[in-house]
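Right, one structure below, let's go through it.
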There are 2 protein chains.
Amino acid sequence: MFSQAAKYAIKAVIYIWTQSLENRRVGSKEIGGKIKTPEAFTAKILQPLVKAKLIGSIKGPNGGFFVNESHEEVTLKDIIKAVDGDGLFSGCSLGLPNCSEKNPCPLHFEVVKVRKELDNMLTSKSIKQLAIEVLNGETRLAKVV
Amino acid sequence: MFSQAAKYAIKAVIYIWTQSLENRRVGSKEIGGKIKTPEAFTAKILQPLVKAKLIGSIKGPNGGFFVNESHEEVTLKDIIKAVDGDGLFSGCSLGLPNCSEKNPCPLHFEVVKVRKELDNMLTSKSIKQLAIEVLNGETRLAKVV
DNA sequence: AACATTGAAGATAATATTGTCCGTTAATTG
DNA sequence: CAATTAACGGACAATATTATCTTCAATGTT
């Protein structure tokens, strides 16, 4: 469903939110350690998110990645789109070049419902809310030993 | 959502059904030509489907791929699982090793709904029915020029 | 029996994705 | 202002996916 990069991005961004809620900036080393993703690759994935202003970053000592009020409207869908493109959300699911209502592929009308739920999953809760649930211990970002 | 291989497989199997409904076996050359997929790669993708008895094949002159009554219960979900594995339908969508009801990832409960619709899309109509819709001109397997 | 046809299987190649490493740039601290 | 820290950016490497090609095995035709 999601690329490896997108999975890492989702976990990383939620983790960044948990820490920003406690007023801590986090470095890529800490992120990789906490959510069990390869550090350098995770850092690489976060760069386009910074460029797209979906998260913030600051260099130097005590620097790192963070989010604030300006990022409250950002959804996981925005994250996925920045990392994987929007192929999951639009275009023909079978790859037909001119698939449309008038010229539908066999899945054209069915895929609408799947995408509706997908959209719902990735936009109905704010990332902040997801982070709060992690802080509350209701959900987890990594294997608990 | 689907790998390239799975997209090809879906189109190929529906095409095979359209032709079997008219009592024609089809070769990989014809399949690739009709649904606009690379011929050799398409043939390769069909092999595991034959092995899993999701479609039939026969060698030699006038041979090719086909389906019959014994394949009427096969669903697109079976096809996807044979080609891509069942990662789309089960396991943690974020890749957590021990994600569960007791230890849920942030998307654990949300992904259920998406998978329900996905399941519905890939199992509610038989492949035969999808092929009939193609034969009727209601849907298409390739770009119409 | 010889030959042509078509799927099966394996080797190989091209491309995309995943992942690492290292030098550069920006920010903070002393 | 020098040293340190951490993101940024580009090069590079490993692996997976996509795609091709060649040989082999099975089947039908002449």
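Please read all numbers here as calculations on a predicted model, not as lab measurements. Every chain is numbered from 1, with letters handed out A, B, ... down the list of sequences.
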Comparing R25(A) and T42(A) on DNA chain C - which has the more 5′ nearest nucleotide: T42(A)
Candidate nucleotides dC21(D), dT18(D), dG19(C), ranked by approach to the side chain of A5(B) - the nearest: dT18(D)
Nearest to side-chain heavy atoms of K51(A), which nucleotide of dG9(D), dA19(D), dG28(D): dG9(D)
Sugar-phosphate, base or nothing in reach of V26(A), heavy atoms under 4.0 Å: sugar-phosphate
Sugar-phosphate, base or nothing in reach of L46(B), heavy atoms under 4.0 Å: nothing
Value in whole Å for how far the [atom2] atom of [N] lies from [atom1] of [X]:
X      : N       : atom1 : atom2 : value
K59(A) : dT5(D)  : NZ    : P     : 17 Å
E39(B) : dT20(D) : CD    : C1'   : 10 Å
I31(A) : dA7(D)  : CD1   : C1'   : 11 Å
F41(B) : dG10(C) : CZ    : C1'   : 16 Å
I58(B) : dT6(C)  : CD1   : P     : 13 Å
K29(A) : dC22(C) : NZ    : P     : 13 Å
N62(A) : dA3(D)  : CG    : C1'   : 17 Å
Q4(A)  : dT20(C) : CD    : P     : 12 Å

Donor-acceptor pair, side chain of N103(B) and main chain of S100(B), under 3.5 angstrom: no
Donor-acceptor pair, side chain of S20(B) and main chain of N23(B), under 3.5 angstrom: no
I want to check one thing: is the phosphate of [N], taken as OP1 and OP2, less than 4.0 Å away from some side-chain N or O of [X]?
X      : N       : answer
S28(A) : dA7(D)  : yes
Y8(B)  : dT18(D) : no
S57(B) : dA8(C)  : yes

Any N/O donor-acceptor pair, K44(B) side-chain to dG7(C) base, under 3.5 Å: no
Check: S28(B)/T42(B) side-chain N/O donor and acceptor closer than 3.5 Å: no
5′-ward residue of the pair G60(A)/Q47(A) relative to DNA chain D: G60(A)
side-chain contact (heavy atoms from CB on, under 4.5 Å) between T75(B) and I127(B), intermediate numbers included: CA-CA 6 Å; T75(B) 66; I127(B) 304 180; 5.5 Å; no
Matching residue for K128(B) among H71(B), E72(B), E69(B), E73(B) - test: side chain to side chain donor-acceptor pair (under 3.5 Å): E72(B)
